[in-house]
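Read through the structure below, which is laid out as structure tokens, and then see the notes.
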Amino acid sequence: MAYWLMKSEPDEMSIDDVLARPQSTVPWFGVRNYQARNFMRDGMQVGDGVLFYHSSCPQPGIAGIAEVASSAYPDHTQFDPRSHYYDPKSKPEEPRWQMVDVKAVRKTRLLPLSELRANPALEDMVLLQKGSRLSITPVTPAQWKTIQALLK
DNA sequence: GCCAACGTTGGC
DNA sequence: GCCAACGTTGGC
């Protein structure tokens, strides 16, 4: 069992949007960063805990709890020339980009980035490191536990 | 809109 | 393999 933080722009896909979907589940398409892809492909297992983070919005922070709902499989948007996420260099016989399904578990209070930064127990979070921009980052069990307590 | 930080591309 | 140029992310 591992833990992750996944960023989503609420204008694109908020925690409410995911909860409103069938099975509260969404395919996490559009990741175009190798490190983030590798976390999905090599690290994630069904049932892993996910902190659902709202980014690029007025109040960035953790907005909900989710879980990994599938193992990694090819992201079909990479082959669609009309898609914003089209990658002409990726071939169907050798897909470059993968995705997983993510299932929303519950909405939480908005736990703002500023509150995460202010908590000494969380100072090592990958999310909070200088210059960190990864849309998918690992979370340690201790960090997960701290955040669960903050969301109680 | 600004800008720091980082990733990718491509010429050499 | 180096590295300049460019594109993207994302908080502010």
Side-chain angles (χ1 to χ4, degrees), chain A residues 2-21 25-44 48-69 72-140 142-144 146-151:
Chain A
Y3 301 102
W4 310 94
L5 181 142
M6 300 177 80
K7 294 180 187 173
S8 182
E9 300 187 15
D11 285 351
E12 303 289 328
M13 183 65 63
S14 71
I15 185 73
D16 289 317
D17 294 334
V18 184
L19 283 167
R21 292 175 56 88
T25 297
V26 64
W28 208 261
F29 58 82
V31 171
R32 295 295 180 268
N33 171 283
Y34 288 104
Q35 226 180 321
R37 178 203 67 184
N38 293 348
F39 285 138
M40 291 195 289
R41 188 188 62 190
D42 307 330
M44 286 189 180
D48 281 359
V50 172
L51 301 171
F52 195 104
Y53 182 92
H54 283 177
S55 67
S56 297
C57 58
Q59 260 226 308
I62 294 166
I65 304 297
E67 63 185 31
V68 176
Y73 61 100
D75 177 342
H76 55 83
T77 63
Q78 70 195 298
F79 305 123
D80 179 358
R82 292 162 305 173
S83 170
H84 175 64
Y85 299 110
Y86 179 55
D87 181 354
K89 292 180 184 168
S90 183
K91 290 171 270 179
E93 61 273 19
E94 199 181 342
R96 180 179 294 194
W97 305 111
Q98 307 264 117
M99 61 183 175
V100 297
D101 292 343
V102 173
K103 181 183 176 71
V105 175
R106 68 185 173 96
K107 186 178 183 174
T108 63
R109 77 176 171 97
L110 199 284
L111 177 50
L113 179 60
S114 56
E115 190 174 339
L116 298 175
R117 286 203 187 282
N119 193 318
L122 299 176
E123 66 181 1
D124 291 333
M125 279 188 82
V126 179
L127 171 78
L128 305 181
Q129 301 314 301
K130 187 177 170 66
S132 174
R133 297 178 316 176
L134 272 180
S135 64
I136 300 175
T137 50
V139 172
T140 68
Q143 291 160 357
W144 177 269
T146 298
I147 288 166
Q148 295 300 316
L150 292 173
L151 292 173

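In this text the structure is predicted, and so the values were computed from the model without any measurement. Each chain gets a letter, A, B and so on, in the order its sequence line appears, and its residues count up from 1. Side chains included, hydrogens not; waters and symmetry mates left out as well; all remaining heavy atoms used.
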* Structure fact -> With A/Ile65 as partner, the option from A/Ile147, A/Leu151, A/Val50 fulfilling side chain to side chain contact (heavy atoms under 4.5 Å, CB included) is A/Leu151
* To do: Examine distances only and state if a side-chain atom of A/Gln78 and a backbone atom of A/Trp97 form a donor-acceptor pair shorter than 3.5 Å.
  => yes
* To do: Determine, for nucleotides 5-12 of chain B in 5'-to-3' order, which nucleotides have protein heavy atoms under 4.0 Å from the base (write B), from only the sugar-phosphate (write S), or from neither (write -).
  => BBSSSS--
* Any donor and acceptor pair, going by atom type alone, linking the side chain of A/Arg117 with main-chain N or O of A/Leu128 inside 3.5 Å? -> yes
* To do: Using only heavy-atom distances, determine whether the side chains of A/Thr77 and A/Arg32 contain a donor-acceptor pair under 3.5 Å.
  => yes
* Look at the rings of A/Trp4 and A/Phe39 and say which category their plane angle falls in: under 30° parallel, 30 to 60° tilted, over 60° perpendicular. => tilted
